[in-house]
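Before any comments, here is the structure.
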Amino acid sequence: MDKLLMLATDVSTLWGKYSSMYFSGIKNTLLLAIIGTVIGCLIGFVCGILQTIPYTKNDHIVKRFIIKLVRVIVRIYVEVFRGTPMILQAVFIYFGLPYFTDLKWTSIWVVSILVVSINTGAYMAESVRGGIISVDPGQTEGAKAIGMNHVQTMVHVILPQAIRNIIPQIGNNFIINIKDSSVMFIIGFTEFFATHKGVVGATYKYFPSAAIEMVGYLCMTLIASFLLRLLEKKMDGSDSYELVQADSLTMTAGNYNHPGRGTPFDERNPEAVKSILREELRRQAERDEAIRQGERAETRRQNAAGDHDQRGGR
């Protein structure tokens with residue numbers, strides 16, 4: 001118990017003295033994660049689409065060669081940046097350019113965004129390719145049947161569904177970037193983890209500062225997860241919809257209506273049920289009246305026939 005009280009005291013002291021530095025680190029971490037994820041998703045979409053461009057043996061040899069070459073380049077890019085740690089990618093990009101050339105990076109922000117973006121793009125390329133492949137091929141065939149070319153099919157038919165399928169993976173990459181951006185301290189970028197190292201260097205209180213870091217990262221990822229779940233629900237729209245038949249004999253016609261709001265064929269809508277019952281009673285009454293009129297007409301016909309026979313007998 002005494003240790004917990006000591007930890008709470010140290011954390012309170014550090015937060016009271018260095019809270020502005022911690023908030024600055026959180027701001028830089030979130031900005032880097034958001035910008036890197038957005039650019040990485042764009043890279044991933046381009047690479048994913050390039051990997052799914054169709055071609056056949058009947059296509060021109062130049063077209064087939066270009067498509068195969070593009071796929072090889074994308075494949076190399078994906079395997080290299082998925083197969084190496086982000087911290088080494090940052091080292092190679094930041095220190096490699098000055099090593100081989102006379103050029104030097106003038107902005108740590110540019111390098112950090114570049115590293116996070118291309119790393120995210122490598123992961124997103126496979127996610128986008130999988131999302132495109134997961135769409136039913138029959139929809140592509142249907143789009144072609146109505147005259148759409150490949151670009152129109154991708155933009156209007158395939159990609160909207162693929163994006164919904166990969167939203168969880170986009171969110172997963174964003175959360176990963178919030179945490180993995182901590183490796184950017186290796187090139188001098190001042191994000192949340194770099195702030196922690198600076199505070200430790202000034203106070204030598206490693207664990208209390210690490211506790212603040214742990215809570216800070218956990219809060220950022222939990223809030224991000226919550227917002228992404230809201231986005232998924234927003235894209236899904238309302239609950240499931242049911243087909244409401246306007247006419248029981250017209251099985252293919254009707255409108256979709258939300259079951260929670262009641263439909264003419266839903267017992268949860270009492271007014272609609274009463275309306276249906278009244279309509280059925282009215283139709284039944286019309287049928288009964290038609291039957292009675294027919295019976296009266298038949299009686300009159302028979303009486304008229306009997307009178308005619310009597311006059312003929314006289």
Side-chain angles (χ1 to χ4, degrees), residues 32-86 88-90 92-93 113-181 224-225 227-229 231-236:
L32 178 59
I34 292 172
I35 297 173
T37 302
V38 171
I39 298 177
C41 287
L42 295 177
I43 296 173
F45 270 99
V46 172
C47 293
I49 293 172
L50 289 176
Q51 292 184 90
T52 57
I53 296 177
Y55 68 91
T56 63
K57 294 182 178 179
N58 297 327
D59 291 330
H60 195 277
I61 187 172
V62 176
K63 177 182 177 181
R64 284 183 289 159
F65 173 77
I66 293 175
I67 292 176
K68 289 182 179 180
L69 177 62
V70 168
R71 289 185 178 181
V72 170
I73 295 173
V74 171
R75 191 77 249 167
I76 293 173
Y77 158 66
V78 170
E79 295 301 332
V80 169
F81 284 93
R82 283 200 313 173
T84 55
M86 188 186 292
L88 291 180
Q89 295 168 14
F92 269 75
I93 292 176
I113 292 174
L114 178 63
V115 173
V116 175
S117 299
I118 60 178
N119 184 272
T120 303
Y123 284 94
M124 285 305 303
E126 288 300 290
S127 298
V128 172
R129 186 177 70 87
I132 293 173
I133 294 175
S134 68
V135 178
D136 187 356
Q139 300 197 33
T140 302
E141 296 173 1
K144 292 181 179 179
I146 62 175
M148 285 188 174
N149 56 33
H150 179 70
V151 175
Q152 292 172 327
T153 301
M154 291 297 296
V155 172
H156 299 290
V157 179
I158 304 301
L159 284 182
Q161 300 177 71
I163 290 173
R164 175 59 189 89
N165 292 339
I166 65 176
I167 280 292
Q169 185 59 33
I170 294 176
N172 188 49
N173 280 322
F174 175 60
I175 292 173
I176 290 174
N177 286 339
I178 290 177
K179 298 180 297 180
D180 286 359
S181 61
S225 297
L227 294 177
L228 289 167
R229 291 296 176 87
L231 176 61
E232 289 183 33
K233 290 182 179 180
K234 184 69 175 178
M235 293 188 68
D236 288 338

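Below, each value reflects all heavy atoms present in this structure, side chains not excepted, and no hydrogens, waters or symmetry copies.
Each of Leu50, Asp59, Ile53 was scored for a side chain to side chain contact (heavy atoms under 4.5 Å, CB included) with Ile67, with one residue passing: Ile53.
Legend: side-chain hydrogen bond (donor to acceptor under 3.5 Å, both in side chains) pairs involving residues 113-124, not counting sequence neighbours, sorted by first then second residue: Gln89-Asn119, Thr120-Asn177. Applying the salt bridge (Lys or Arg N to Asp or Glu O under 4.0 Å) test to residues at least two apart or on different chains, none of the pairs has a partner in residues 34-52. Applying the salt bridge (Lys or Arg N to Asp or Glu O under 4.0 Å) test to pairs two or more places apart or on separate chains, none has a residue in residues 146-156. For the side-chain hydrogen bond (donor to acceptor under 3.5 Å, both in side chains) condition, the pairs that include at least one residue of residues 62-76, sequence neighbours left out, are Arg75-Glu79, Arg75-Glu126.
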Going by atom type alone, with no hydrogens or angles, which donor-acceptor pairs under 3.5 Å involve a side-chain atom of residues 165-176 and a protein atom two or more places apart or on another chain?
{"unit_1": "Asn165", "atom_1": "ND2", "unit_2": "Ser134", "atom_2": "OG", "d": "3.2"}
{"unit_1": "Asn165", "atom_1": "ND2", "unit_2": "Gln161", "atom_2": "O", "d": "3.3"}
{"unit_1": "Asn173", "atom_1": "ND2", "unit_2": "Gln169", "atom_2": "O", "d": "3.3"}

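Interatomic distance, OG1 of Thr153 versus CD of Glu141, reported as 11.0 Å (0.5 Å rounding). For the atom pair CD1 (Ile73) and CD (Gln51), the distance works out to 12.0 Å, reported to the nearest 0.5 Å. Between the CG atom of Leu114 and the CD1 atom of Ile93 there is a distance of 5.0 Å, given to the nearest 0.5 Å.
Within 6.0 Å of the CG atom in Leu69, the count of heavy atoms belonging to other residues, nucleotides or ligands exceeds 12.
Annotation: side-chain contact (heavy atoms from CB on, under 4.5 Å) contacts of Val62 (sequence neighbours excluded): His60, Ile66. For Phe81, the ring-ring contact (aromatic ring centres under 6.0 Å, His included) partners at least two apart in sequence or on another chain are Tyr77. Not counting sequence neighbours, Phe65 has no partner by the ring-ring contact (aromatic ring centres under 6.0 Å, His included) test. For Ala90, the side-chain contact (heavy atoms from CB on, under 4.5 Å) partners are Val115, Met184, Ile186, Ile187, not counting sequence neighbours. Scored by the side-chain contact (heavy atoms from CB on, under 4.5 Å) test, Asp136 finds Gln139 as partners (sequence neighbours excluded). Among residues two or more places apart in sequence or in another chain, the side-chain contact (heavy atoms from CB on, under 4.5 Å) test is passed with Ile132 by Ile49, Thr52, Val128, Met154, Ile158, Leu159, Ala162.
Among all heavy-atom pairs drawn from Ala224 and Ile178, the shortest one is CB-CD1, 4.2 Å. Nearest heavy-atom pair across Val116 and Gly36 is CG1-CA, 3.9 Å. The two residues Leu32 and Ser181 come nearest to each other via the heavy atoms CD2-CB, 3.7 Å.
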